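The structure appears right after this line, and notes come after that.
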2 protein chains.
Amino acid sequence: MTPRHSPDPSTDTKTALLDAAERLFARDGIAESSLRAITSKAGANLASVNYHFGSKEGLVRAVFARRLEPLNRQRLGSLEKCLEQGQGVTDLHCLLQAFVQPAMTMMRSQDAGDREFVKLLGQTLFGPSVELRSTLFEEFREVGERFTSELGRALPGVPRKEIIWRFHFMVGALAHTVAARTTVSHQLECLNLKEDDDTEVITNRLVSFLLSGWEGLATAPTSTKEPEE
Amino acid sequence: MTPRHSPDPSTDTKTALLDAAERLFARDGIAESSLRAITSKAGANLASVNYHFGSKEGLVRAVFARRLEPLNRQRLGSLEKCLEQGQGVTDLHCLLQAFVQPAMTMMRSQDAGDREFVKLLGQTLFGPSVELRSTLFEEFREVGERFTSELGRALPGVPRKEIIWRFHFMVGALAHTVAARTTVSHQLECLNLKEDDDTEVITNRLVSFLLSGWEGLATAPTSTKEPEE
DNA sequence: GTCTATAGGTGGATAGAC
DNA sequence: GTCTATCCACCTATAGAC
C-alpha cells in the first residue's frame, strides 16, 4: 500500500488549498480573497485552512514559499553557469539573462499556477503590506546579494550605491512586465498590434533594454549642461 | 462675508477625507482601509463619506482624480517644452525627463500628500483590481499616447511595438522607484550606505539608465551567439 | 451638513462531533 | 483529518433625529 510518496489525501487537500489560494490571490488580491472563497474553490472545508496552515497568514506565506524557492534556485543556478562560462571575466548579458529569464518563463509557463504566481509576486512586491514585503525580502535576500555582488564585479567602475539603484530599476521593469502583461496586451490590441511574441522575444526585448541601461553608454550628463565626470 | 472661495466647512471636511484616505490607502492598502479608520483620522463622521462621495468607491476615485490631473498636465507641459526647444529634432533625453521628473518630484515633495499619493499610484498600478486599473488607464491614456508617439518620432528606426514595450519597462522602473523607495532605503542602510541623495540625483540615475535603454546601443544579440543585425 | 444608531452582511477563527 | 455550526469582530451603507 501507499504506493506514492505522498499517499494520504491530506497532502492533496493541502496543495489544493495552495493552488486555489494562489489563483484567487493573483486574480482578486490577498485581502480580497476570503477563506470561504478559497476553501470553496479547493473543494475543501472552511476549517481546513486553519488546520493545515494555522491561519490565513500562514497560508499566504506557504503560497509564496512553495514557488519562491525553485525560482531562487533557478536564478542562482543560472548565475553559477555564467561564472563558469565567463572564466574570470563576468558577462553582464549572461547575468541579466540569469535574473530575468526564470521569471519570464514562469509568466508563460504551461503550468497555470506559475503564471498566476508571478503575477501575484509582482503585485505583492509593490503592495502596501509591510510584514509581507519583509517576508518576501527575506526570501529574496540571498539572490539579491549574489546578483548585485556579481553585477558590481562586472562593472568595476560603478559604485555600489549606483549598482543597487540600477538593480531596483531592473526589478521594477521586470515586475511590471510579468505583473501587468494584461495591460500591455490590451494596449497593443487597441492599436491593432497583435501581441504574438513568445517568451523568448519579450525576454530579449527586456534584456536588451536593461543591458543598455547597465552598460550606461548613454550621453546623459549629470545635469542639463554639465559634462560627464 | 465668505471672504474665501471655499468658505463653508463642508469643503474642508471633503478635503480632510481625501487627505486621510490618501494617507491610509498608501500605508495600508485600499481594501485594508475601512471607512471607520478614514473618517476617524479625518475627524469626520462615519456617514460623511457616503454623503460627500456616495460610496467608498467614489472616495477612491476622487482620491486619484485630485492629484492625477495636475500630474498629467505637468507631464504634458514638459513634453510641449521639449518639442519647442527641439525645433524639429526630438530630444530623447528631454522626453524621458519630462515623463520621469514630475513623479520623482512628487516622491520627495514637501507636501506629504504628494508623497503618499505616488506610493499609492505605484501600488495600484500593479494591484489586482481590474476596474480600478482601467479607471487609471483611462486617466493616463492621453499622456501615454502623447509620449509613446513622440518617443517613436525620436527613434525613427524602432517599430511601434518595441516602443510600447520599452515604455512599459520604463513605467515599471519608475513605479518601483517611487513606490518601493522604503525598501531601497532599507537595503542601503543594511549596507551602511546612507541614502542621502536628493530628488535630482535619483532622477538623474534613473533617466540615465532609461536613456541608455531607449537608445539601445547595447551589444545584445538576439540570441546568445547570433551577431547583431 | 452632521450626527447617532443600526441594519444587513461578511470576515477569520474555533469547538466539538464524527 | 474532516466537517458542521457558531461566535464575534468588523465591514459598508442607510435611516432618521438634529
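To find a chain, count down the sequence lines: A is the first, B the second, and so on, and within it residues start at 1. It should be emphasised that the depicted structure is a prediction, and the values quoted were computed from it without experimental measurement.
To the nearest 0.5 Å, the span separating CE on A:M170 from CG on A:L95 amounts to 9.0 Å.
Taking the side chain as every heavy atom from C-beta outward, B:I38 and B:L59 approach each other to under 4.5 Å. You'll find the side chain of B:I202 reaches within 4.5 Å of the side chain of B:R108, heavy atoms only. The closest side-chain heavy-atom distance from A:R61 to A:T135 is below 4.5 Å.
Here the P atom of nucleotide C:dA13 and the NE2 atom of A:H52 are 15 Å apart, to the nearest Å. Separating the OH atom of A:Y51 from the P atom of D:dC3 is a distance of 12 Å, rounded to the nearest angstrom. Rounded to whole angstrom, the span from the CD1 atom of B:I38 across to the P atom of D:dA13 amounts to 11 Å. The distance between atom CZ of A:F53 and atom P of C:dG12, rounded to the nearest whole Å, is 15 Å.
Against DNA chain C, the stretch residues 28-35 of chain A makes heavy-atom approaches under 4.0 Å through A:S33, A:S34, A:L35.
Using a 4.0 Å heavy-atom criterion, one finds that B:S55 contacts the sugar-phosphate atoms exclusively.
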Review item, nucleotides 14-18 of chain D N/O atoms under 3.5 Å of protein N/O:
unit_1	atom_1	unit_2	atom_2	d
D:dT14	OP2	B:N50	OD1	3.2

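For B:A179, the side-chain contact (heavy atoms from CB on, under 4.5 Å) partners two or more places apart in sequence, or in a different chain, are A:F126.
The aromatic rings of B:F99 and B:F140 sit perpendicular, their planes meeting at an angle over 60°, well past the 30° parallel limit.
The existence of a salt bridge linking A:E22 and A:R66 is confirmed by a sub-4.0 Å separation between a basic side-chain nitrogen and an acidic carboxylate oxygen.
For the OP1/OP2 pair of D:dG1 and a distance below 4.0 Å, the side-chain nitrogens and oxygens of A:T13 include no atom meeting the criterion. In this model, the phosphate group of D:dG1 is not approached by any side-chain N or O of A:N45 to a distance below 4.0 Å at OP1 or OP2.
Remark: of the listed residues B:F209, B:F169, B:F167, B:W165, B:F169 is the sole one forming a ring pair (Phe, Tyr, Trp, His ring centres under 6.0 Å) with A:F209.
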